[in-house]
Amino acid sequence: MVGEEGAFVLGWDEVLTEEELSMTLKVLCMSEEEFKKYKEQDGWEDDSEEEENSTLSNEALSRLKTPCKKLLYDSVLLTLESYGSDLKAEQDLLNNKEAYEKLNRREQQALHVRYGQKRILHQLLELVH
């Protein structure tokens, strides 16, 4: 369901891998009985039109059912814990011109990428909290 890389792609305004995330949340938030019934009814095929018409915009994410929001929230926290530093540390380094200039070009680019990723993850935390 998640794809080859095992990750979901989030943008500022919506989930870019919305079909994968939507299906994953749907399945993970089902009870065992619901899952068995869904699987027996070939539910995988029945939802294709419904899934195509839904987008996981930031607004839609904020309206998810509580179990799905909690699952996303906890997943984001785990992802943020996997980084070596927090958002504030990245922001402080970006704002410290002297320290920033000591970084080589590759380190500066990596800092910008990490900072952007963390900002998107923090935005997601706010949406699903």
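- For the pair Q108 (side chain) and Y100 (backbone), a donor-acceptor distance under 3.5 Å is present.
- Using a 4.5 Å cut-off on side-chain heavy atoms (C-beta onward), V15 and N58 make no contact.
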Apply side chain to side chain contact (heavy atoms under 4.5 Å, CB included) to residues L125 and L77 and explain how you reach the verdict. CA-CA 8 Å; L125 281 179; L77 288 180; 4.0 Å; yes

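- With hydrogens and angles ignored, the 3.5 Å screen pairs no side-chain donor or acceptor of N96 with any backbone N or O of D92.
- Heavy-atom minimum distance, V128 versus L61: CG1-O, 3.9 Å.
- By the 6.0 Å contact criterion, CD on E59 is open, its count of non-hydrogen atoms from other residues, nucleotides or ligands being 12 or less.
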Does the pair K69 and S62 meet the rule for a side-chain hydrogen bond (donor to acceptor under 3.5 Å, both in side chains), with working shown? CA-CA 8 Å; K69 284 173 127 179; S62 67; over 6 Å; no

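- The local environment of NE2 in H129 is sparse, with at most 12 non-hydrogen atoms from other residues, nucleotides or ligands closer than 6.0 Å.
- The CZ atom of R119 sits 12.5 Å away from atom CD of E90, with the distance rounded to the nearest 0.5 Å.
- At least one side-chain heavy atom of L93 sits less than 4.5 Å from a side-chain heavy atom of L103.
- Taking the side chain as every heavy atom from C-beta outward, F8 and E18 never approach each other to under 4.5 Å.
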Please test D86 against L80 for side chain to side chain contact (heavy atoms under 4.5 Å, CB included), starting from the C-alpha separation and ending with a verdict. CA-CA 8 Å; D86 63 11; L80 286 169; over 6 Å; no

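- C68 SG to R63 CZ: the interatomic distance, rounded to the nearest 0.5 Å, is 13.5 Å.
- Counting all heavy atoms, side chain and backbone alike, Q123 lies closest to W12 at NE2-O, 2.7 Å.
- No side-chain heavy atom of L16 sits under 4.5 Å from any side-chain heavy atom of L10.
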Do V113 and Q109 pass the side chain to side chain contact (heavy atoms under 4.5 Å, CB included) test, and can you show the C-alpha distance, the side-chain angles, and the key distance before you say yes or no? CA-CA 6 Å; V113 170; Q109 290 172 340; 5.6 Å; no

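- Here the CG-CD distance, from L21 to E14, works out to 12.0 Å after rounding to the nearest 0.5 Å.
- Considering only heavy atoms from C-beta on, L87 comes within 4.5 Å of H122 through its side chain.
- At least one donor-acceptor pair closer than 3.5 Å links the side chain of S31 to the backbone N or O of E34.
- Between atom CG of residue L64 and atom CG of residue L56 there is a gap of 6.5 Å, rounded to the nearest 0.5 Å.
- Remark: Q91 CD to Y115 OH distance equals 3.5 Å, nearest 0.5 Å.
- Residue V76 comes nearest to L121 through the heavy atom pair CG1-O, 3.4 Å, listed as atom of the first residue, atom of the second, then distance.
- Side-chain atoms of E107 come within 3.5 Å of backbone N or O of N104 as a donor-acceptor pair.
- Using a 4.0 Å cut-off between charged side-chain N and carboxylate O, K36 and E32 make a salt bridge.
- Residues L124 and L28 share a hydrophobic cluster, clusters being chains of Ile/Leu/Val/Met/Phe/Trp/Tyr side chains in contact below 4.5 Å.
- The main-chain N or O of E19 is never found under 3.5 Å from a side-chain atom of S22 such that the two would form a donor-acceptor pair.
- Closest non-hydrogen pair, H112 versus L94, comes out as CE1-CD2, 3.5 Å.
- Formation of a donor-acceptor pair under 3.5 Å by the D13 side chain with backbone atoms of S57 is not found in this model.
- Side-chain contact, Y83 with Q117: a donor N or O sits under 3.5 Å from an acceptor N or O.
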Kindly indicate, with the supporting measurements, whether the criterion side chain to side chain contact (heavy atoms under 4.5 Å, CB included) is fulfilled by C29 and K65. CA-CA 9 Å; C29 292; K65 293 179 182 177; over 6 Å; no

